[in-house]
Amino acid sequence: MRKRLNNRVNCTPTKGCPVEVTLSIIGGKWKGIILYELLGGTKRFQELRRALPTATQKILTLQLRELEADNLIHREVHHLVPPKVEYSLTPLGASLESILTQMKAWGERFQAEHHLSDFSNLK
């Protein structure tokens, strides 16, 4: 068991690590990107598809449903022909803004320092 070091939280599997909780909710290949896209405002499904061109429709739908189930996004269905579905952040989802923007900044620094134009070799 790890001891508490300085002001760090004790992250052990038996105690339930807050970092692990956060990652279990916003983890996944596309969830962070979906949330980041929604920081800019409400988006329709096809707008999200265009923002994540390599995500399959099935995976995008699954990730959106999980984010909705975790109360991070709101799904609004407008009963029109054709149907119109819009996604937006809930207040809980919006509370992740500082985390997401810090992750973006960190990724930009990492990409620049390692001269990466894409991340295909990081998998």
Side-chain angles (χ1 to χ4, degrees):
M1 180 189 276
R2 283 201 219 146
K3 294 180 182 177
R4 187 178 175 133
L5 302 173
N6 301 328
N7 290 326
R8 293 190 175 162
V9 176
N10 185 2
C11 276
T12 62
T14 57
K15 297 279 185 187
C17 178
V19 173
E20 185 178 3
V21 171
T22 303
L23 290 175
S24 72
I25 294 169
I26 67 168
K29 187 169 183 175
W30 304 110
K31 287 182 182 179
I33 300 168
I34 292 167
L35 292 166
Y36 187 81
E37 285 294 321
L38 291 175
L39 288 175
T42 301
K43 300 263 191 295
R44 292 182 66 177
F45 183 81
Q46 288 303 323
E47 291 177 293
L48 292 170
R49 288 272 328 257
R50 283 191 291 277
L52 292 88
T54 58
T56 66
Q57 182 170 336
K58 179 181 177 181
I59 292 297
L60 180 56
T61 299
L62 177 65
Q63 300 273 276
L64 287 166
R65 286 183 185 158
E66 289 176 5
L67 289 167
E68 183 182 13
D70 289 330
N71 196 33
L72 296 177
I73 65 170
H74 173 72
R75 180 177 183 260
E76 181 79 27
V77 179
H78 301 278
H79 298 286
L80 305 169
V81 178
K84 180 180 176 182
V85 180
E86 294 180 322
Y87 295 91
S88 59
L89 292 175
T90 63
L92 182 61
S95 72
L96 292 166
E97 181 173 7
S98 63
I99 293 169
L100 295 168
T101 55
Q102 288 176 25
M103 288 172 65
K104 178 182 182 278
W106 187 90
E108 289 170 341
R109 281 193 309 273
F110 183 89
Q111 189 175 12
E113 289 171 9
H114 292 85
H115 310 290
L116 299 172
S117 58
D118 66 46
F119 295 103
S120 58
N121 59 341
L122 294 179
K123 295 178 183 177

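All heavy atoms count here, side chains included; hydrogens, waters and symmetry mates do not.
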ask   = For Thr42, which residues count as a side-chain contact (heavy atoms from CB on, under 4.5 Å) partner, sequence neighbours excluded?
value =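 side-chain contact (heavy atoms from CB on, under 4.5 Å) list for Thr42, sorted by chain: Glu86, Ser88.
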
Sequence-distant partners of Ile25, side-chain contact (heavy atoms from CB on, under 4.5 Å), two or more places apart =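 Ile25: side-chain contact (heavy atoms from CB on, under 4.5 Å) contacts with Val21, Asp70, Leu72.
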
ask   = Judged by atom type as modelled, is there a donor-acceptor pair below 3.5 Å linking the side chain of Glu68 to the main-chain atoms of Ile73?
value = no

task = Only one of Leu100, Leu89, Leu48 passes side-chain contact (heavy atoms from CB on, under 4.5 Å) with Glu37; say which it is.
result =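 Result for side-chain contact (heavy atoms from CB on, under 4.5 Å) with Glu37: Leu48.
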
Please tabulate, one pair per line, all N/O donor-acceptor pairs under 3.5 Å involving side-chain atoms of residues 57-64, not counting sequence neighbours.
| unit_1 | atom_1 | unit_2 | atom_2 | d |
| --- | --- | --- | --- | --- |
| Gln57 | OE1 | Arg49 | NH1 | 3.1 |
| Thr61 | OG1 | Gln57 | O | 2.9 |
| Gln63 | OE1 | Trp30 | N | 3.4 |
| Gln63 | OE1 | Lys31 | N | 3.3 |

Residues forming a ring pair (Phe, Tyr, Trp, His ring centres under 6.0 Å) with His115, sequence neighbours excluded =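 Per chain and number, His115 pairs via ring pair (Phe, Tyr, Trp, His ring centres under 6.0 Å) with no residue.
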
query = Closest approach of Leu92 and Asn71, non-hydrogen atoms and distance?
reply =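 In terms of heavy atoms, the two residues are closest at CB-O, 3.7 Å.
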
Are [Y] and [X] connected in a single hydrophobic cluster, I mean Ile/Leu/Val/Met/Phe/Trp/Tyr linked by side-chain heavy atoms less than 4.5 Å apart?
| X | Y | value |
| --- | --- | --- |
| Leu23 | Leu67 | no |
| Val77 | Leu80 | no |
| Leu35 | Val19 | no |

ask   = Can you pull the ring pair (Phe, Tyr, Trp, His ring centres under 6.0 Å) pairs that have at least one residue in residues 53-106, sequence neighbours excluded?
value =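 Applying ring pair (Phe, Tyr, Trp, His ring centres under 6.0 Å) to every pair that reaches into residues 53-106, excluding sequence neighbours, yields Trp106-Phe110.
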
key: salt bridge (charged side-chain N to carboxylate O under 4.0 Å, His left out) pairs, two or more places apart, involving residues 95-109   = Lys104-Glu108

